[in-house]
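Computed from heavy atoms alone, side chains included, the values below leave out hydrogens, waters and symmetry copies. Bear in mind the structure is a predicted one, so any value in this text is a computation, not a measurement.
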Amino acid sequence: MTEQDICVMVPTIRNPECMREYFENAREHGFDLDRLFVVLITEDFCDSESMQAMLDEEGVDGAVFDETARGEWFEEYGIGEFSHLVPAASHAQTSFGLLYLWASDYDYGVFIDDDTAPHDDVDFFGTHMENLAFEGDIERVRSDENWVNVLYQNEDEHGLYPRGYPYAAMDETVETDTTEVERVVASQGLWTNVPDLDAVRILMDGDLQGQAQTHTSGADFDGDFVAADGNYLTVCSMNLAFRREVVPAFYQLPMDDNAWDVGRFDDIWSGLFLKRACDVLGGKIYNGDPLCEHNKAPRSTFSDLTNEVHGLELNEHVWEEIDAVGDDADSYREVFEAMADRLAEGDYAEWENGAFLNHCGEYMRDWLDCLAALDAPDATTPAPAAADD
């Protein structure tokens with residue numbers, strides 16, 4: 001019997017049917033779908049029953065969690081006091097998927113966004129698993145700004161910097177060499193078609209529909225790479241696999257549903273936390289294949305700008321804050337605790353919405369307490385239930 005060791009997490013309100021293409025890709029490349037458990041994270045106004053029916057038709061094990069079902073899950077596991085960790089109506093609800101993975105003891109997690117599709121010629125799930133198992137030589141990238149543009153390989157042609165890349169770190173000088181990798185803990189697949197840019201950069205690219213005029217293709221990517229220690233990079237959760245061990249340091253922050261109206265930095269800042277922890281502990285984030293096709297639906301660029309602008313100044317500085325702590329930690333949990341304390345107790349009054357970082361620090365502490373509650377010997381462990389049960 002095949003071991004079910006991968007939890008696939010998909011936040012979706014528009015297009016859960018996208019998963020059919022991923023399942024077909026797995027079948028075409030001989031990847032065993034019995035290894036997957038799919039968690040579709042949605043809202044009460046969506047048709048959860050049809051989503052579950054889609055999984056059943058595909059013969060793939062999984063469950064659908066709308067807001068009501070998520071609340072029931074928290075209560076069933078005896079952690080209702082931590083339900084605030086998953087924000088309402090936000091992409092950061094992927095944190096619920098992390099909790100589900102943790103409680104169910106899956107070895108690996110995969111994040112997929114519902115506006116993406118796999119490339120037919122690449123084994124999507126298989127390549128992610130190969131990346132996580134990778135040992136050997138790979139290209140290493142660094143810059144004089146301590147930031148790596150994940151689109152650096154053809155930046156001279158397209159001039160793109162991804163969502164979350166600090167404006168102060170642009171126009172960097174890039175250096176590459178080869179390094180030996182011993183343990184990969186996350187595999188970030190990059191994207192063709194619509195690039196993942198912030199709203200300011202999309203406006204500069206002349207697009208009012210949230211998509212950018214400049215698109216990427218497979219030709220823009222020339223080999224896989226890792227970022228050097230001490231160099232940060234943007235981590236986008238639309239196409240990402242990771243090992244269970246990083247979950248304590250990978251909380252997707254409470255975006256959108258907060259008093260400061262900060263949004264759109266959940267995966268970006270969680271990626272900073274993860275990279276800092278990796279640098280302390282020797283793990284690596286593998287970048288490149290498997291590419292996915294990003295088919296972002298048209299929407300107002302100004303709407304995205306409204307969600308992002310409240311956190312733009314903080315994004316210029318948060319990486320420097322967390323880079324200062326955690327050196328003596330021995331686990332992902334300990335590094336994350338050090339970063340949580342730094343943000344919770346810092347004085348950020350000089351930055352617009354600086355108190356949001358204190359808010360994040362407190363939620364990060366709660367995240368670790370929630371995981372500890374799930375780990376407790378007397379923790380409630382009900383059988384997994386679908387949303388329509």
Side-chain angles (χ1 to χ4, degrees), residues 1-12 16 19 22-23 26 31-42 48 51-52 54-56 58-86 91-113 125 128-129 132-133 185-187 237 240-252 267 270 274 331-333 336 366-389:
M1 182 178 177
T2 300
E3 179 186 3
Q4 191 177 79
D5 59 344
I6 303 170
C7 184
V8 180
M9 294 149 279
V10 188
T12 181
M19 292 308 299
Y22 284 95
F23 302 148
F31 186 85
D32 189 352
L33 286 169
D34 288 341
R35 293 182 63 182
L36 307 184
F37 187 91
V38 178
V39 177
L40 300 180
I41 306 164
T42 190
S48 296
M51 293 185 190
Q52 187 66 52
M54 180 271 293
L55 294 176
D56 295 342
E58 291 286 338
V60 178
D61 202 6
V64 184
F65 288 91
D66 55 23
E67 183 177 5
T68 298
R70 290 193 295 274
E72 292 171 351
W73 186 90
F74 274 100
E75 294 300 327
E76 288 169 0
Y77 274 85
I79 57 170
E81 65 184 294
F82 296 109
S83 61
H84 64 283
L85 289 170
V86 179
H91 184 272
Q93 289 172 348
T94 44
S95 283
F96 175 80
L98 295 179
L99 292 176
Y100 191 96
L101 178 156
W102 193 258
S104 303
D105 291 325
Y106 292 106
D107 294 331
Y108 306 101
V110 178
F111 284 148
I112 295 175
D113 277 3
F125 293 110
H128 271 309
M129 292 301 107
L132 291 174
V185 296
S187 167
S237 65
L240 186 76
F242 51 90
R243 293 182 180 272
R244 171 187 174 82
E245 69 197 66
V246 309
V247 167
F250 205 37
Y251 175 49
Q252 313 289 293
D267 51 353
S270 73
L274 178 59
S331 67
Y332 286 90
R333 185 187 298 266
F336 196 71
D366 289 350
W367 175 253
L368 293 179
D369 288 345
C370 182
L371 295 180
L374 288 172
D375 288 338
D378 58 349
T380 306
T381 54
D388 58 342
D389 283 358

Mind checking whether [X] and [Y] have side chains closer than 4.5 Å, heavy atoms only?
X: Phe250; Y: Leu240; value: yes
X: Leu55; Y: Phe23; value: yes
X: Tyr106; Y: Leu36; value: no
X: Tyr332; Y: Val185; value: yes
X: Ile112; Y: Phe125; value: yes

So, do Phe242 and Phe111 have ring centers that fall under 6.0 Å from each other?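 Ring-ring flag for Phe242/Phe111: true, centres closer than 6.0 Å.
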With Tyr108 via ring pair (Phe, Tyr, Trp, His ring centres under 6.0 Å) - residues at least two apart: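 Here no residue qualifies.
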Heavy-atom donor-acceptor pair, Gln93 side chain to Thr12 backbone, under 3.5 Å: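 Flag not set: sc Gln93 to bb Thr12 has no pair under 3.5 Å.
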Can any side-chain N or O of Arg333 pair as donor or acceptor with the backbone N or O of Val247 at less than 3.5 Å?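 Not confirmed, Arg333 side chain does not pair with Val247 backbone.
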For [X], side-chain contact (heavy atoms from CB on, under 4.5 Å) partners two or more places apart:
X: Ala92; answer: Pro87, Ser90, Gln252, Asp266
X: Arg244; answer: Leu101, Trp102, Asp105
X: Ser83; answer: Phe74

Heavy-atom pair of closest approach, residues [X] and [Y]:
X: Tyr100; Y: Cys7; value: CD2-SG, 4.2 Å
X: Pro16; Y: Met54; value: O-CE, 3.3 Å
X: Cys370; Y: Ile79; value: SG-CD1, 3.8 Å

Who passes salt bridge (Lys or Arg N to Asp or Glu O under 4.0 Å) against Glu245, sequence neighbours left out?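 In terms of salt bridge (Lys or Arg N to Asp or Glu O under 4.0 Å), with neighbours along the sequence ignored, Glu245 is linked to Arg183.
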Tell me every residue that passes salt bridge (Lys or Arg N to Asp or Glu O under 4.0 Å) with Asp107, counting only those two or more places apart in sequence or in another chain.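 Asp107 satisfies salt bridge (Lys or Arg N to Asp or Glu O under 4.0 Å) with no residue once adjacent residues are dropped.
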Roughly how far, to the nearest 0.5 Å, is the CZ atom of Phe82 from the CG atom of Leu99?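 Here the rounded value is 10.0 Å.
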Separation of Asp32 CG from Asp34 CG (nearest 0.5 Å):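 So the CG of Asp34 and the CG of Asp32 are separated by 4.5 Å.
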Assign the ring pair Tyr251 / Phe336 to parallel, tilted or perpendicular, where the plane angle (0 to 90°) is split at 30° and 60°.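 Rings of Tyr251 and Phe336: perpendicular, as their planes differ by over 60°.
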